[in-house]
Amino acid sequence: MAQRLALRQLLSLAPRTLPPQAPLACHTRAFGTSANCKSTFNVQDGSDFQDRVVNNPKPVVVDFHAQWCGPCKILGPRLEKMVAKQEGKVLMAKVDIDDNTDLAIEYEVSAVPTVLAMKNGDVVDKFVGIKDEDQLEAFLKKLIGA
């Protein structure tokens with residue numbers, strides 16, 4: 001009880017505002033299934049896709065997937081991990097084809113997973129199905145020009 005009282009008194013003397021801190025750096029090590037540091041995002045609708053993918057100055061990998069798709073559940077986290085390793089040079093947009101049917105039709109997605117590489121609003125590369133980490137790394141390096 002005396003410790004709680006002393007702690008309360010000490011806290012009441014401390015300033016209420018925290019000093020400004022530098023923004024946190026993006027690290028590839030993180031808890032959870034994805035270490036994306038805002039390099040991966042879910043597309044909400046067509047206008048969101050236009051704003052965040054087509055009009056983005058950075059290259060964007062677009063993962064067309066579905067909740068019911070087994071291979072998508074394998075490829076998605078693998079691709080997120082590889083995008084995170086690129087340290088912000090490329091972004092990843094996730095498009096659920098059941099929620100965004102119009103986008104799937106527009107980009108001629110006939111099977112999932114389908115992954116597009118987009119640069120300056122144009123599709124520059126594409127693959128369908130699962131790839132291993134070496135193939136994904138080569139796909140990303142080709143997209144960012146490394």
Side-chain angles (χ1 to χ4, degrees), residues 3-4 7-8 10-11 13-146:
Q3 289 175 337
R4 275 193 208 163
L7 183 58
R8 278 190 189 155
L10 180 64
L11 290 175
L13 297 175
R16 296 269 182 213
T17 58
L18 295 174
Q21 296 180 349
L24 295 175
C26 181
H27 297 286
T28 55
R29 290 184 185 174
F31 294 105
T33 57
S34 64
N36 52 27
C37 202
K38 297 186 183 180
S39 61
T40 301
F41 56 90
N42 292 314
V43 172
Q44 304 303 316
D45 55 30
S47 67
D48 187 38
F49 186 85
Q50 185 71 30
D51 292 342
R52 297 170 81 183
V53 177
V54 176
N55 296 334
N56 203 315
K58 288 187 179 184
V60 182
V61 172
V62 184
D63 176 21
F64 285 93
H65 69 280
Q67 294 293 324
W68 46 264
C69 168
C72 299
K73 293 177 183 178
I74 296 168
L75 179 67
R78 187 180 292 171
L79 190 54
E80 284 182 46
K81 177 182 165 188
M82 298 306 292
V83 167
K85 282 185 179 180
Q86 301 305 315
E87 298 175 341
K89 294 177 189 166
V90 64
L91 302 176
M92 179 175 166
K94 299 179 75 168
V95 180
D96 188 318
I97 62 163
D98 293 327
D99 295 338
N100 298 286
T101 309
D102 293 345
L103 284 173
I105 292 168
E106 181 180 345
Y107 287 92
E108 300 173 355
V109 175
S110 57
V112 286
T114 293
V115 177
L116 306 180
M118 295 187 71
K119 211 177 220 183
N120 301 319
D122 297 322
V123 177
V124 295
D125 204 355
K126 170 182 180 174
F127 71 83
V128 178
I130 295 180
K131 301 283 186 197
D132 65 28
E133 288 190 8
D134 291 340
Q135 292 168 314
L136 292 175
E137 186 173 0
F139 180 79
L140 293 173
K141 289 200 181 295
K142 182 179 172 186
L143 175 60
I144 60 176

Looking at every heavy atom in both [X] and [Y], which two are closest together, and how far apart are they?
| X | Y | value |
| --- | --- | --- |
| Lys73 | Pro77 | O-CD, 3.2 Å |
| Gly129 | Leu75 | O-CD2, 3.7 Å |
| Pro59 | Val90 | O-CG2, 3.3 Å |
| Gly88 | Lys58 | O-NZ, 2.8 Å |

State the [atom1]-[atom2] distance between [X] and [Y], to the nearest 0.5 angstrom.
| X | Y | atom1 | atom2 | answer |
| --- | --- | --- | --- | --- |
| Asn100 | Ile105 | CG | CD1 | 11.0 Å |
| Tyr107 | Lys126 | OH | NZ | 11.5 Å |
| Leu136 | Lys141 | CG | NZ | 12.5 Å |
| Asp132 | Ile74 | CG | CD1 | 12.5 Å |
| Cys69 | Asp96 | SG | CG | 10.0 Å |
| Ile97 | Leu103 | CD1 | CG | 11.5 Å |

Any donor-acceptor N/O pair, [X] side chain to [Y] backbone, under 3.5 Å:
| X | Y | value |
| --- | --- | --- |
| Asp63 | Lys94 | no |
| Lys119 | Leu143 | yes |
| His65 | Val95 | yes |

Can you confirm whether [X] sits close enough to [Y] that some side-chain heavy atom of one is under 4.5 Å from a side-chain heavy atom of the other?
| X | Y | answer |
| --- | --- | --- |
| Glu80 | Val83 | no |
| Glu137 | Lys85 | no |
| Met82 | Met92 | no |
| Gln67 | Asp98 | no |
| Phe41 | Val53 | yes |
| Phe49 | Asp102 | no |
| Ile130 | Arg78 | yes |
| Lys131 | Phe139 | no |

